[in-house]
There are 2 protein chains.
Amino acid sequence: MKNGAVSQAKEQHRLIHELYVLVDDGDRQVLAEQQLSPLEFAVLQQLDADNGQRLTDVGALLLCVKSTITRVMDRLERDGLVLRTQDRDDRRAQRVVLTAKGVYIRNEAVRLHAASVESRMAVLTPAEQRQFLALAGRLATGLRDGLHPDGNGYLHNEATLLELRSNGKEEELLLRQAS
Amino acid sequence: MKNGAVSQAKEQHRLIHELYVLVDDGDRQVLAEQQLSPLEFAVLQQLDADNGQRLTDVGALLLCVKSTITRVMDRLERDGLVLRTQDRDDRRAQRVVLTAKGVYIRNEAVRLHAASVESRMAVLTPAEQRQFLALAGRLATGLRDGLHPDGNGYLHNEATLLELRSNGKEEELLLRQAS
DNA sequence: TATTGTTATACTCTATAACTATA
DNA sequence: TATAGTTATAGAGTATAACAATA
């Protein structure tokens with residue numbers, strides 16, 4: 001801005017970054033008790049003990065490239081939280097399921113994390129939270145639209161997206177994200 | 001929450017993460033024109049062509065460990081954007097200054113990035129931005145307080161913090177952050 | 001031909017720690 | 001003793017691409 005004052009837009013940009021750092025830091029502190037990184041936690045939340053999920057689907061949900069998911073699963077399997085099982089219908093694919101230990105750890109992590117989130121976010125009153133959600137939601141929607149004005153270039157992490165898009169699954173993905 | 005509905009707190013948590021991803025992605029797209037990573041951009045903004053800055057001070061400002069700063073500077077120096085010069089008063093220290101090319105690149109990046117931020121954030125009206133800033137600011141303050149309830153454990157990235165704290169510079173750092 | 005998952009390479013950033021040369 | 005900066009190692013995460021097995 002002209003007069004040396006910091007613009008609202010810039011301040012908004014700074015605050016979004018700061019909020020993320022603070023929230024992420026709190027998450028890591030909580031998840032450290034289960035020895036989980038945020039990504040591992042996110043992966044565990046996509047799995048169950050019965051059907052499981054294919055690696056590719058997990059990657060699509062979390063916007064991760066295949067190789068990243070492979071190695072996260074390697075760690076989780078090494079630690080005994082998940083198991084790779086053959087997919088019956090598609091012999092190329094594997095379904096990853098939670099072990100008993102995995103179920104336990106995931107449930108503990110989910111419980112502790114949820115409680116932590118509730119308490120941390122309680123800095124704002126319920127009414128303020130509603131306001132914040134409305135504004136942040138509109139901002140997120142606007143930013144998402146702005147990133148692909150000409151129909152391409154959705155996210156910087158595009159490998160998975162491109163695969164999905166070429167597969168006609170983009171709407172499906174956006175739905176999942178919005179859910 | 002009990003009935004399967006997602007709590008406001010959880011939704012807030014999710015939105016903060018999503019906002020960050022979207023903003024960061026936009027940043028990377030803009031900065032890619034100058035071949036800068038977000039961290040390199042942040043470092044350049046702390047430097048000038050005259051006095052320069054000591055590596056340690058840059059690290060403290062950006063909450064980075066010494067070794068990270070060393071290697072960012074290596075890259076920037078390799079690309080001809082900065083120069084390491086001896087500090088006259090302290091022969092252990094080096095002052096990093098911008099080269100002519102560095103000044104040009106930094107100014108270009110600052111200009112383009114600022115314009116991009118203004119246009120991206122314009123999704124919200126000025127009035128909405130004021131509301132968002134007020135709420136996000138309160139939330140950030142609350143989160144920051146919550147992270148060190150007993151006086152320690154400020155941020156997960158603590159290496160620099162610990163050094164500063166043992167040095168009695170914590171207040172100074174907090175002031176810098178808040179500015 | 002396209003997809004699933006693995007492997008390999010390279011790069012950014014983080015964390016830790018050993019090391020030097022100064023202070 | 002403590003500090004400034006470098007170097008080394010290890011890890012998480014990203015991006016890209018080659019590859020084998022299968023569809």
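Per chain, numbering begins at 1; letters A, B, ... match sequence-line order. Scope of the values below: all heavy atoms of this structure, side chains included, with no hydrogens, waters or symmetry mates.
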Sugar-phosphate, base or nothing in reach of [X], heavy atoms under 4.0 Å:
X     : value
B/T70 : base
A/R75 : sugar-phosphate
B/L39 : sugar-phosphate
B/R84 : sugar-phosphate
A/D87 : nothing

Separation of [X] atom [atom1] from [N] atom [atom2], in whole Å?
X     : N      : atom1 : atom2 : answer
B/Q94 : C/dA23 : CD    : P     : 13 Å
B/L63 : C/dA15 : CG    : P     : 10 Å
B/D90 : C/dA21 : CG    : P     : 15 Å
A/I69 : C/dT7  : CD1   : P     : 15 Å
A/K66 : D/dA15 : NZ    : P     : 14 Å
B/D24 : D/dG13 : CG    : P     : 15 Å
B/Q86 : D/dT6  : CD    : C1'   : 13 Å
B/R88 : D/dA4  : CZ    : C1'   : 19 Å

Classify the side chain of [X] and the base of [N] as holding, or not holding, a donor-acceptor pair under 3.5 Å.
X     : N      : result
B/T68 : C/dT12 : no
A/R92 : C/dT3  : yes
B/R71 : D/dT7  : no

Can you check whether [Y]'s main-chain N or O pairs, donor with acceptor, with [X]'s side chain at less than 3.5 Å?
X      : Y     : value
A/T70  : A/K66 : yes
A/R120 : A/V23 : yes
A/Q53  : A/L47 : no

Out of [options], which nucleotide sits closest to the side chain of [X]?
X     : options               : answer
A/R91 : C/dA15, D/dA23, D/dG5 : D/dA23
A/T56 : D/dG5, C/dT4, C/dA15  : C/dT4
B/V65 : C/dT16, C/dG5, D/dA2  : C/dT16

Inset, instruction - Please say which of B/L36, B/L112, B/D25, B/V117 ends up in a side-chain contact (heavy atoms from CB on, under 4.5 Å) with B/V30. - result: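 Among B/L36, B/L112, B/D25, B/V117, the one that satisfies the side-chain contact (heavy atoms from CB on, under 4.5 Å) with B/V30 is B/L112.
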Legend entry - Closest-nucleotide ordering on DNA chain D, the 5'-leading residue of B/R95 and A/D89: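 Closer to the 5' end of DNA chain D: B/R95.
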Inset, instruction - Write down the atom of B/D48, the atom of B/R106, and the distance for their closest heavy-atom approach. - result: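 Of all heavy-atom pairs spanning B/D48 and B/R106, the closest is CA-NH1, 4.3 Å.
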